[in-house]
Amino acid sequence: MTTITLAPKYDPLAIEGSIYRRWLDAGVFTADVTSDSEPYVIVIPPPNVTDILHMGHGLNNTLQDVLIRFERMRGREALWLPGTDHAGIATQNVVERLLYAENKTRHDLGREAFVERVWTHVNAKGGTILRQLEAIGCSCDWSRTRFTFDEEYSRAVRTVFVRLHQDGLIYRGLRVIHWCPRCHTSLSDEEAEFRDRQDHLYYIRYQFADAEGQDGVVVATTRPETMFGDVCLVFHPEDDRFKELEGRTVTIPMSGVRIPIKTSRAVERDFGTGMLKVTPAHDANDFDIADELGGFDQPSILTEDANMSDVPRVPEQLRGVERAAARTQIVAALEASGQMEKMEPYHHAVRHCYRCHPIVEPRLSDQWFVRMKPLAKPALAAYREGRLRVVPERWGAVYENWLEQIRDWNISRQLWWGHQIPAWHCTDDGCGHITVAMDAPRACESCGGPVRQDEDVLDTWFSSWLWPFATFGWPNETRDLTRFYPGHTLVTAPDIIFFWVARMVMAGYHFLGERPFETVFFNGIVRDTEHRKMSKSAGNGIDPLEVVAQFGADALRFTLVGGAAVGTDVILDPNDLETSFGPGRNFANKVWNIARFIMTNLDGEPTPLDQVDPAQFELADRWILSRCQRTIASATESLDRFRTNDAVNDVYHFTWSELADWYLEQVKPRLYGVADGGDVARSILCSVLESTLRLLHPFTPYITEELWQHLPGERVLLAGSPWPQSDEQLCDDDAETEFGRVKALVTAIRSIRA
RNA sequence: GGGCGAAUAGCUCAGUUGGUCCAGAGCGCCUGCCUUACAAGCAGGAAGUCGGGGGUUCGAAUCCCUCUUCGCCCACCA
């Protein structure tokens, strides 16, 4: 018999650490690759290696933990694979900022020293977030922790590059890409995010070069500074206003460079004046137009820093001037010369670097691309044919739409922190051959000359999209890969559907011929009371660890899961933690006291419920047993349907409003010996408490485990114990109806008395 | 320019296929209780014409149309 010495109040801090250690020591989180049980696999959305835990992580990981603990208790071989992402551009930026504080740039260090510096930083600060996940109770299989920069993982990345190249799905080409002038790298379409800006539309007059005295032609542009890179003007071939102008020549203002007037169907007649300036090196559309017309150079007039270049096309006084300043000067000059016809306020969306804000500069450069259409096909089919389920469903349309409209993926980054592209250029310009291989070739495979490796690294997401299988040792046929791929549920936020989710599906099908997971469960975003996304930089964040310290991990989890209806955002008030997390703490305390009450009223180990003659059950007994079964059934169904909030709220209601408020009060006379049937009540209390702790465990693992250990009898860990089975036999409609009447009567009497 | 979501009690939000879980929960508020599991609690109570308008139906918070107000995503009209 256990001696009951539970404190009257639940103190999370006193038990959380030791409980977590017991789970680890018992190895309950470690998946057994040799087990006969059906696997259930979740791979974590790997946080950036130098990140620290924020509420978004808290929500996302708590949901994963709820699912994984639930399935583990249901007897599946549950594997939650944790890890981190090297996060190329993000991590490089962090370290560059550190250098900046020392008045240095990465170029002062040089590539090798810089990468070493990043490693130092990662080794010092990295992985903290994984330890923070432990604090909120996450039951990850830490023996399988992966990092996208692990040697084995990096090999998978190179394998993918080489194979896609062999498949003809990777190519290198001169294109206008999104260039971040601060990061000094290209960005994918997804990384260059639109933000609204209030600018001007400038109407600039280009004078005719072939006929003095005439007025010339007016062109509308938002970017006058790019005009020195113009190669022609174009209008729509059916635009009668300009019919006569085709073939004539104009001069670019300020520079005097002569360019022809041409036609193109790409021109929108209703926009501006209907006449478009074509700047192939600084605008992707213009690049296409010039390419289609043929015979044009692609003069570049901006540097990597987005300053005006030191080239003949750029007027001397502007060379080296930063783009915004250059614009101001150009506008002033055009106004002075009378060539600025007019300026209109103009509201439009402009692409910005998703990591460091500045306006992205379209820039002509050699980049590596993945041809996406062939990869998108199976990913699209999987969704349409129901092999990939999306919860909530509406995100499916977003996924589908993006895949339908998919464009090639720029995967090269001009960064130093990342997987360097496994391509080696022949140093002989005459040969120019590029050798793509897993490891450095001794010589150019074409001419046998010396080679140098491509300087660029791969987009971070080019490693992330392999996460569901590279973490299991792919391309090797490991036991883990065979056993645990494909996985089951991906829990993530909808803002990375394109970056990550869709690409994982594509990679899964292309490299393994199978979906990486069957269901994508999208969780909402954590916001403040003004519905602004919670973030450290906005100053409206809540530190999950602070909440754990003040309220306990279970309270944090209870609030997050209970507040998150499927696909809806979670609103928390950074200025009032008590309102947000107090209820969770209170509930934990309630559970604590329910258990305390029951256990202090046990007299040794009670008779197991299945050995009690049901004929001895009183109405309240039949009622609570029925309610318990119904709660088991509804919580199970809710979890199966990813309605985690319904599940936790159902169990909450059962525990507090039924078990505590009614049944416990009803049986007190029997427990105190004032009425008969005390032993039957004890059997029922013990059984119901056990079921309740099991039901609550995925949501509030710490307190339930602690109480479980205090129950009479020998106890294995609750984390490794079975999920309760709903017993139809104990469901009793009559008892529920009848007891409902008793409740109504009692309430009425109390009401009158009050 | 397309698409999506939201609008329900003072606050934050649930409400699954239209009908006795359809007007709910938590917090807050009011009244009374330190009743030996719990004051992080107990008992009782007030509070919403479910954004406006129209329609379908025997019946609508729920379905359709429309309007208003927020929010988000996508988009090569420079």
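Predicted, not measured: the structure shown is a model, and the values here were computed from it. Letters A, B, ... mirror the listed sequences (proteins, then strands); counts begin at 1.
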Between [atom2] of [N] and [atom1] of [X], the distance in whole Å:
X	N	atom1	atom2	result
A/Ile525	B/A6	CD1	C1'	15 Å
A/Arg596	B/U36	CZ	C1'	10 Å
A/Asn285	B/C77	CG	P	7 Å
A/Ile571	B/A7	CD1	C1'	13 Å
A/Asp573	B/C13	CG	P	11 Å
A/Asp196	B/C73	CG	C1'	12 Å
A/Lys743	B/G44	NZ	P	11 Å

Counting only Watson-Crick pairs (N1-N3 plus N6-O4 or O6-N4) and G-U wobbles (N1-O2, O6-N3), all under 3.5 Å, who is the partner of [N]?
N	result
B/U35	none
B/G10	B/C27
B/C76	none
B/C21	none
B/G5	B/C70
B/G48	none

Taking only side-chain nitrogens and oxygens of [X], does any of them come within less than 4.0 Å of OP1 or OP2 of [N]?
X	N	result
A/Asn645	B/A14	no
A/Ser751	B/G45	yes
A/Arg407	B/C76	yes
A/Arg351	B/C76	yes
A/Lys590	B/C42	yes

When the [atom1] atoms of [N] and [M] are considered, how many whole Å apart are they?
N	M	atom1	answer
B/C27	B/G19	C1'	32 Å
B/A47	B/A9	C1'	6 Å
B/G15	B/U35	C1'	36 Å
B/A78	B/C73	C1'	23 Å
B/U8	B/C13	C1'	9 Å
B/C11	B/G51	P	14 Å
B/A37	B/C42	P	13 Å
B/C21	B/G2	P	44 Å

Counting any heavy atom closer than 4.0 Å, what does [X] reach on the DNA or RNA strands: base, sugar-phosphate only, or nothing?
X	value
A/Ala660	base
A/Tyr652	sugar-phosphate
A/Val267	base
A/Ala349	base
A/Thr279	nothing

Considering only side-chain heavy atoms of [X], which listed nucleotide, [options], is closest?
X	options	value
A/Leu276	B/A37, B/A14, B/A78	B/A78
A/Arg643	B/G41, B/A43, B/G15	B/G15
A/Tyr672	B/A37, B/C73, B/A78	B/A37
A/Asn401	B/A37, B/C27, B/C74	B/C74
A/Asn589	B/G41, B/C38, B/A75	B/C38
A/Tyr346	B/A14, B/A78, B/A43	B/A78
A/Phe498	B/G44, B/A78, B/C74	B/C74
A/Trp656	B/C42, B/A14, B/G5	B/C42
A/Arg750	B/C27, B/C13, B/A43	B/A43
A/Asp661	B/A37, B/A78, B/A43	B/A43

Between [X] and [Y] (salt bridge meaning N to carboxylate O under 4.0 Å), is one present in this structure?
X	Y	answer
A/Arg265	A/Glu292	no
A/Asp189	A/Arg407	yes
A/Glu225	A/Arg327	yes
A/Asp230	A/Lys277	yes
A/Asp733	A/Arg630	yes

Test for a donor-acceptor pair under 3.5 Å between the base of B/A43 and the side chain of A/Glu665, counting only N and O atoms.
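Answer is no: no donor-acceptor pair is held.
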
Between the base of B/A40 and the side chain of A/Lys9, is there any donor-acceptor pair under 3.5 Å?
yes

Cationic tip of A/Arg750 above A/Trp662 ring, under 6.0 Å, 45° of axis
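A/Arg750 over A/Trp662 ring: yes.
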
Using only atom types and a distance under 3.5 Å, with no angle test, would you say the side chain of A/Thr226 pairs donor to acceptor with the backbone of A/Arg223?
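Yes, the answer is positive, given that a donor and an acceptor are paired below the 3.5 Å cut-off.
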
Is there a donor-acceptor pair under 3.5 Å between the side chain of A/Ser751 and the backbone N or O of A/Thr747?
no

Residue among A/Trp402, A/Trp409, A/Tyr354 satisfying ring pair (Phe, Tyr, Trp, His ring centres under 6.0 Å) with A/Phe499
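When ring pair (Phe, Tyr, Trp, His ring centres under 6.0 Å) is applied between A/Phe499 and each of A/Trp402, A/Trp409, A/Tyr354, only A/Tyr354 qualifies.
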
If you pin A/Phe597 and A/Ala220 to their nearest nucleotides in RNA chain B, which one's is more 5'?
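Residue closer to the 5' terminus by nearest nucleotide: A/Phe597.
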
Return whichever of A/Leu572 or A/Asp650 has its heavy-atom-nearest nucleotide of RNA chain B closer to the 5' end.
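Final value for this comparison: A/Leu572.
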
